[in-house]
Amino acid sequence: MNELNQIKHKIKHLTKELNKHNYKYYVLNEPSISDYEFDILLKELEELEKKYPQFVSPNSPTKRVGGDITKTFQTVKHIYPMLSLANTYSKSELVEWENRLKKIVDTDIEYVCELKYDGVAIGIRYENGELVKAITRGDGTQGEDVTANVRTIKTIPLTLKGDYPTNFEIRGEIFLPLKNFEKLNNEREDIGEPLYANPRNTASGTLKQQDSRIVAQRGLDCFLYGVYGENLSFKSHYEAVKKAGEWGFKIPDESKNYLKKVKSIDEIMEFVTYWDKHRHQLPFEIDGIVLKVNNYHLQNELGFTAKNPRWAISYKFKAEKVETQLESVSYQVGRTGAITPVANLTPVLLAGTTVKRASLHNADQIKKLGLHLNDFVYVEKGGEIIPKIVGVNLDKRKADATPIQFITHCPICTTELIRKDGEANHYCPNELGCAPQIKGKIEHFISRKAMDIDGMGPETIELFYDAGLVKNIADLYTLTFNDIIKLERIADKTANNILQGLETSKQRPFERVLFAIGIRYVGETVAKKLARHFLTIDRIINASYEGLIAVEEIGEKIAESVINYFKDERNQQIIGRLKSYGLHFEMQVNEHATDKLENQTFVISGVFEKVSRTELKKLIEENGGKNTSSISSKTDYLVAGKNMGPKKLEKAERLGVKIINEDEFLEMIK
Ligand code: IVH
């Protein structure tokens, strides 16, 4: 084999290996190698692809991390129209449905019960086992080409295995698992951005992101629910689902009752009742159950109405819903100046709690609901904790009711609000002169994840601010005992605690300080990446736009925000003052820290030759790993030294924990 052929072969081999491990990890939930080993293989492929772009396949596993940008999503016609389902809400409606079916096909009918995933529909086309196109539902006749983004969804195979049809389309629902939705909102909270309303809207917004890297980071998932094509070899929906599983798709797990074949309405109701009760325990949201006639032949006989298939129907869960009156809308100003409209409601009892307020999220939401002052609104509590307004009782609206107009000026500092293109939220741009923004920034600075200053909380900040003692984060370090003790409700002990807390905070590492100063869009992870890449604040201040976006996870928006922050003289002054008080603005101790061991849990045991146990623990932490003392199913690695206890070894073996020696460990962080 000549050299190029060898490279081609190597790329093919790595692709196959990575696809296999991706499938084992994401679809089967049964990884057989560590994340670290996976990353090594992926890096190897990335490097080969960089050197030999002629061999890069559009379905390379490297596409999973994103990078492709879609400037405008092309419109694509659906080969098979993407219809919707008719809804039912009761057993009697289901009985009526079955009666209608039986009039057309006079035979016993077998049904498949499935969950109705609450996300966005997608149609994915495969040719010769390769993913070629992924299209959103759009208006049902044509949708948008979101292929690059769909390629980042790890549970969707890029290349199929087994005996798949040469040409077919598979349809399913893309959704954001609750865990990932919460993680995303935690990150939003960290950077002071308004929270996303619910997983479904977030999934739909994510799928339309131009930068597929963002899509990859958010962790979308997908369940498949239908196979479309000519001359398919299987004869029923159930068989199609099972086949799809064999080709590498993530299909509903029958052992978890995600899917069930049944023969009667009573059995359907059993499935419905089960999920109505248990749906909040699912790791994703559903809004009902879907019932399908199983047999394809019968499906064909039943056909379609203008809008829906006759052979399928959905049973929607009734969310608890009440009516109450909208008394007013108030506007909250967050630490980044983001404005959140909040509905003040006449208190009403809903699912066991009294509801007085509901978030309206942004101006678009108000417009979509068409809210008028004093409207009678329907409030619903689904899976989410925050109740939401889902509609207006138009019959009760007075003819002269005034529509809710989103404010044009900040309710606190009266500065004119701005709204950037493509952003859902309005902002007050008076960053350094608007009280809630100033207080919010100081609160963020002292918070646990940031400088973690003991003895202080939002109330103390309020006191300091109102007394004119603290107007920015740097002022905190000029506080004296006499300043603090003068304030109401503050005793000697508290004052000392605060001063001690401030003193201790000077030891926080650079990356925490960088997060704490509150640059817009710079969350914990981004701060870490910036600190580790540039090592000192001065190098970040002097970094060019290109220099910034070259850092992993730093996109255009963050780079612009960092540049704007340091352009402002006032921010530079604050940094200068904080430096003079002794805060860390450079990486300390070990400048070689990495995140190579991120999310990996280690147990060390025994005696080592090259490094001490303490050093070993330090190395684990410095490289982003976590030390724990006992082995559990959550342990990733046991670093085994000499004379280690046989019990630990045995447990590690039993739980399938990777056992490595000191040299192998040092190799990992090299
Ligand atoms: S079957 C002809 N199965 O619900 C329509 N749809 O209005 C065939 N959905 O937009 C759809 N889970 O995206 C089907 N298990 C499931 C589903 C499901 C969610 C969505 C689908 C569609 C909507 C139906």
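Both ligands and their constituent atoms are indexed starting at 1 by order of listing.
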Trainee: Please report, to 0.1 Å, the donor-acceptor pairs under 3.5 Å made by any side chain of residues 340-354, with sequence neighbours excluded.
Mentor:
unit_1	atom_1	unit_2	atom_2	d
N344	OD1	R357	NH1	3.2
N344	ND2	S328	OG	2.9
N344	ND2	S330	OG	3.0
T346	OG1	Q325	O	3.4
T346	OG1	E327	OE2	2.8
T353	OG1	L350	O	3.2
T353	OG1	K381	NZ	2.8

Trainee: Does the Q365 side chain pair with the main chain of L360, one donor and one acceptor, at a distance under 3.5 Å?
Mentor: no

Trainee: Which pairs with one or both residues in residues 123-160 pass ring pair (Phe, Tyr, Trp, His ring centres under 6.0 Å), sequence neighbours excluded?
Mentor: Y126-F168, Y126-F249

Trainee: Check ring pair (Phe, Tyr, Trp, His ring centres under 6.0 Å) between Y315 and all other residues, then give those that pass, not counting sequence neighbours.
Mentor: none

Trainee: Check the side chains of H237 and E114 for a donor-acceptor pair under 3.5 angstrom, ignoring hydrogens and angles.
Mentor: yes

Trainee: With a 4.0 Å heavy-atom cut-off, what residues sit around ligand 1?
Mentor: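 Correct list: L83, S84, L85, E114, L115, K116, Y117, A121, E173, Y225, V290, K292, P309.
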
Trainee: Answer yes or no: is there a side-chain heavy-atom contact under 4.5 Å between T136 and E144?
Mentor: yes

